[in-house]
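Every value quoted in this text rests on a predicted model; they were computed, and no experiment measured them.
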Amino acid sequence: MSSDEFNKLGYHEKTEAVLTGTFLADRLTDHFYVKLYNLDNFYIEVFFDDRSHLIVKFRAFEHTLFVLPYLEEVKIAV
């Protein structure tokens, strides 16, 4: 599956596809709790409303630029 194919899926199909992916990281924004997954050769962000805890949006992408917000939380021991 590609990110374009994922974006064409319905809500329930996207939810099922994410569950087959690999969880990578999470982060908080002003209004969302966002989880990052890897599926095949692309990434998926799942946006949860911080009050209702319901999924309100999916964002699938291939470019690693969108992964940068998650790297701020990574701690590397040297």
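Legend: salt bridge (Lys or Arg N to Asp or Glu O under 4.0 Å) pairs involving residues 49-59, not counting sequence neighbours, sorted by first then second residue: Glu45-Arg59.
Proximity of Tyr11 to Ile55: side-chain heavy atoms (C-beta onward) are separated by under 4.5 Å at one or more points.
The ring-ring contact (aromatic ring centres under 6.0 Å, His included) search around Tyr43 returns Phe61, not counting sequence neighbours. By the side-chain contact (heavy atoms from CB on, under 4.5 Å) test, Glu5 is found to be paired with Met1, Ser2, residues two or more places apart in sequence or in another chain being considered. For Leu68, the side-chain contact (heavy atoms from CB on, under 4.5 Å) criterion is met by Leu65, Leu71, not counting sequence neighbours. Residues forming a side-chain hydrogen bond (donor to acceptor under 3.5 Å, both in side chains) with Glu16 (at least two apart in sequence, or on another chain): none.
Taking every heavy atom of both residues into account, Val46 and Phe48 meet most closely at CG1-CE1, 3.6 Å.
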Just list the side-chain donor-acceptor pairs under 3.5 Å for residues 32-39, sequence neighbours left out, or say none.
from, atom 1, to, atom 2, distance (Å)
Tyr33, OH, Asp26, OD2, 2.5
Asn38, ND2, Phe42, O, 3.2

Give the C-alpha distance, both sets of side-chain angles, the deciding distance and a yes or no for side-chain contact (heavy atoms from CB on, under 4.5 Å) between Ile44 and Phe6. CA-CA 9 Å; Ile44 304 166; Phe6 177 86; 3.6 Å; yes
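Val56 and Leu9 fall into different hydrophobic clusters, defined by Ile, Leu, Val, Met, Phe, Trp and Tyr side-chain heavy atoms under 4.5 Å apart, directly or through other members.
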